[in-house]
Amino acid sequence: MNQWAKVAALLGSLGVGLGLLTGCGPGSKDPASTTPQDVAQVGVVVLQPQDQALQTTLPGRVRAFQMAEVRPQVGGIIQKQLFTEGALVRQGQALYQIDATLLQANLSSAQAALAKAQASFERQQLQAQRSAQLVKIAAISAQQDEDTQAAARIAQAEVQAARASVQVAQTNLRYARIEAPIAGRISLSNVTPGALVTANQSTALTEVVQIDPMYVDFTQSTAQLLQLQRDWAAGRYEKLDASSMPIALQLEDGSAYPHVGKLQFSGLMVNPSMGTVTLRAVVPNPDGQLLPGMFAQAVLPTGMASGALLIPQQAVTRDATGRASVLVVQDREGQKIAVQRTVQLAQAVGNQWLVESGVQAGDMVVVEGFQRFKPGDRVDPQTMPAQRPAAAAVDPQAAAAALRSALERQP
């Protein structure tokens with residue numbers, strides 16, 4: 001091969017190389033090498049209809065099932081305190097002992113008066129029997145016999161009065177032993193041994209509170225009640241039976257109370273200043289965890305939504321006007337496109353939203369990867385596992401502050 005032939009061959013190889021380099025440059029249109037970099041992967045959930053129990057959370061306060069103030073029914077000096085403050089007491093258990101010396105003397109005097117009255121009645125009764133025989137033979141006048149019979153009846157009445165006095169004295173003596181009127185937990189004592197007390201005094205000696213079960217009183221606004229009635233009438237929700245409605249409690253720190261209560265009373269009168277109705281639940285309290293005056297939240301079932309669609313809360317965004325929207329993946333000519341869609345939300349269900357309109361069963365709603373695309377872009381949807389409604393994490397201090405603030409607005 002001559003020198004010119006070698007040069008031609010070298011130039012030909014260089015041309016092939018340049019052509020390859022040009023094909024790999026930025027002006028290439030090969031779709032196989034560019035599609036994976038242009039399509040963003042996003043996490044989606046596929047909406048499936050389900051039956052969802054609906055509920056509302058209302059602020060409330062714990063009330064004692066029964067509370068009795070202990071007061072003396074006779075006067076005297078307190079000799080003994082027979083209970084431990086803060087302990088559980090039985091109905092009829094002795095709490096205080098009053099000095100019964102004068103009360104015992106009054107009983108003895110009443111018993112003596114009764115014996116005297118009985119003796120007088122027996123004597124008058126014998127005279128009345130003799131007078132009845134004498135008047136038959138005209139030994140005495142009818143007037144004398146009537147006087148004798150009347151005296152016997154008076155003596156009989158005096159016996160009954162004396163017997164009643166004995167009963168009063170016995171009752172007063174029994175009242176010297178002050179007993180618990182109900183079973184429950186006893187409070188602090190307001191008196192000590194040696195104190196003088198009087199019958200039916202205004203200051204209570206102590207209090208006994210029945211703590212199992214307990215009442216929880218909470219209020220519902222009339223606006224909520226009217227909306228709920230409209231939803232029931234429209235058939236959106238299935239109405240629950242109030243007689244068997246379970247009531248769950250959340251304590252002041254946001255923690256769940258382990259025992260379930262039952263709705264006992266739903267007020268029929270509206271508070272004119274607050275626009276609310278009062279509801280009351282009876283809640284078991286075997287461990288004594290609930291105390292009178294404690295704040296709590298009642299989780300009240302309001303209905304059952306059949307075929308409900310739930311959207312995770314992180315999938316919902318709102319514009320400046322508060323309008324809610326979600327991103328839904330649609331199939332357009334074989335391509336997956338993210339489309340923004342306005343939705344109507346009914347209420348929160350745990351960490352999800354109950355949707356009234358805007359989406360339907362089978363829609364793929366984006367829940368992850370929002371930063372990788374914008375509405376109208378192609379996306380690669382990756383199905384995420386279905387989420388169940390779950391309660392959000394609760395800050396105990398924030399929960400207590402919010403609950404107290406809500407109750408301060410109530411009467």
Side-chain angles (χ1 to χ4, degrees), residues 37-50 52-59 220-228 230-231 234-237 254 275 297 302-303 305-395 398-399 401-402 405-406 409:
Q37 287 78 13
D38 294 339
V39 179
Q41 288 188 348
V42 295
V44 299
V45 293
V46 180
L47 300 185
Q48 298 293 340
Q50 56 185 297
Q52 177 62 49
L54 304 179
Q55 58 190 23
T56 183
T57 302
L58 303 173
Q220 185 178 35
S221 69
T222 52
Q224 289 178 321
L225 184 59
L226 291 174
Q227 181 61 46
L228 184 59
R230 284 193 291 266
D231 291 337
R236 296 189 184 97
Y237 309 141
Q297 293 191 42
T302 56
S306 301
L309 295 178
L310 298 178
I311 296 179
Q313 290 185 358
Q314 70 265 26
V316 179
T317 59
R318 295 183 183 272
D319 58 17
T321 63
R323 183 175 55 183
S325 63
V326 296
L327 291 169
V328 178
V329 178
Q330 291 184 343
D331 191 349
R332 293 182 179 176
E333 299 179 354
Q335 295 182 348
K336 304 295 185 183
I337 307 299
V339 179
Q340 191 171 23
R341 191 178 293 176
T342 301
V343 293
Q344 296 291 333
L345 305 177
Q347 66 179 68
V349 181
N351 58 354
Q352 298 185 337
W353 286 109
L354 174 65
V355 184
E356 285 189 348
S357 62
V359 292
Q360 58 187 359
D363 284 348
M364 292 186 293
V365 178
V366 179
V367 295
E368 290 185 0
F370 297 97
Q371 69 279 7
R372 304 180 190 141
F373 70 99
K374 63 182 181 298
D377 287 351
R378 293 175 57 195
V379 293
D380 179 17
Q382 303 294 319
T383 303
M384 306 290 292
Q387 299 183 7
R388 293 186 176 181
V394 177
D395 181 355
S405 177
R409 296 192 294 269

Problem - Value rounded to 0.5 Å, distance of CD in Q344 from CZ in R323 - result: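 Reported value, rounded in 0.5 Å steps: 9.5 Å.
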Problem - Exercise: identify the closest heavy-atom pair between V329 and P381 - result: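 V329 and P381 have their closest heavy atoms at CG1-CG, 4.1 Å.
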Exercise for the section: Among N351, V45, L354, find the residue that satisfies the side-chain contact (heavy atoms from CB on, under 4.5 Å) test when tested with L310. Expected result: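 Between L310 and the candidates, side-chain contact (heavy atoms from CB on, under 4.5 Å) is satisfied uniquely by L354.
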Practice task
Could you pull out all residues at least two apart from T383 that satisfy side-chain hydrogen bond (donor to acceptor under 3.5 Å, both in side chains)?
Solution key: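 For T383, no residue satisfies side-chain hydrogen bond (donor to acceptor under 3.5 Å, both in side chains) once neighbours in sequence are set aside.
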Problem - V379 vs I337 side-chain heavy atoms within contact, under 4.5 Å - result: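 Result no, sub-4.5 Å side-chain heavy-atom pair not found.
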Exercise for the section: Check whether any side-chain heavy atom of L309 lies under 4.5 Å from a side-chain heavy atom of P49, and answer yes or no. Expected result: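 A side-chain contact exists here, since the closest heavy-atom pair is under 4.5 Å.
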Exercise for the section: Any chance you could measure Q313, atom CD, to Q352, atom CD, to the nearest 0.5 Å? Expected result: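 CD of Q352 is found 8.0 Å from CD of Q313.
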Which pairs would a plain distance check flag for residues 362-376, meaning a side-chain donor or acceptor within less than 3.5 Å of a matching protein atom at least two apart in sequence or in another chain?
from : atom 1 : to   : atom 2 : distance (Å)
D363 : OD2    : R341 : NH1    : 2.8
D363 : OD2    : Q360 : N      : 3.0
R372 : NH1    : Q41  : O      : 2.5
K374 : NZ     : D377 : OD1    : 3.4

Handout entry: Set of residues satisfying side-chain contact (heavy atoms from CB on, under 4.5 Å) with respect to S325, sequence neighbours excluded
Key =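 Scan of S325 (side-chain contact (heavy atoms from CB on, under 4.5 Å), adjacent residues dropped) gives T317, Q340.
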Problem - side-chain hydrogen bond (donor to acceptor under 3.5 Å, both in side chains) involving D331 - partner list, sequence neighbours excluded - result: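 Checked D331 against side-chain hydrogen bond (donor to acceptor under 3.5 Å, both in side chains); zero matches.
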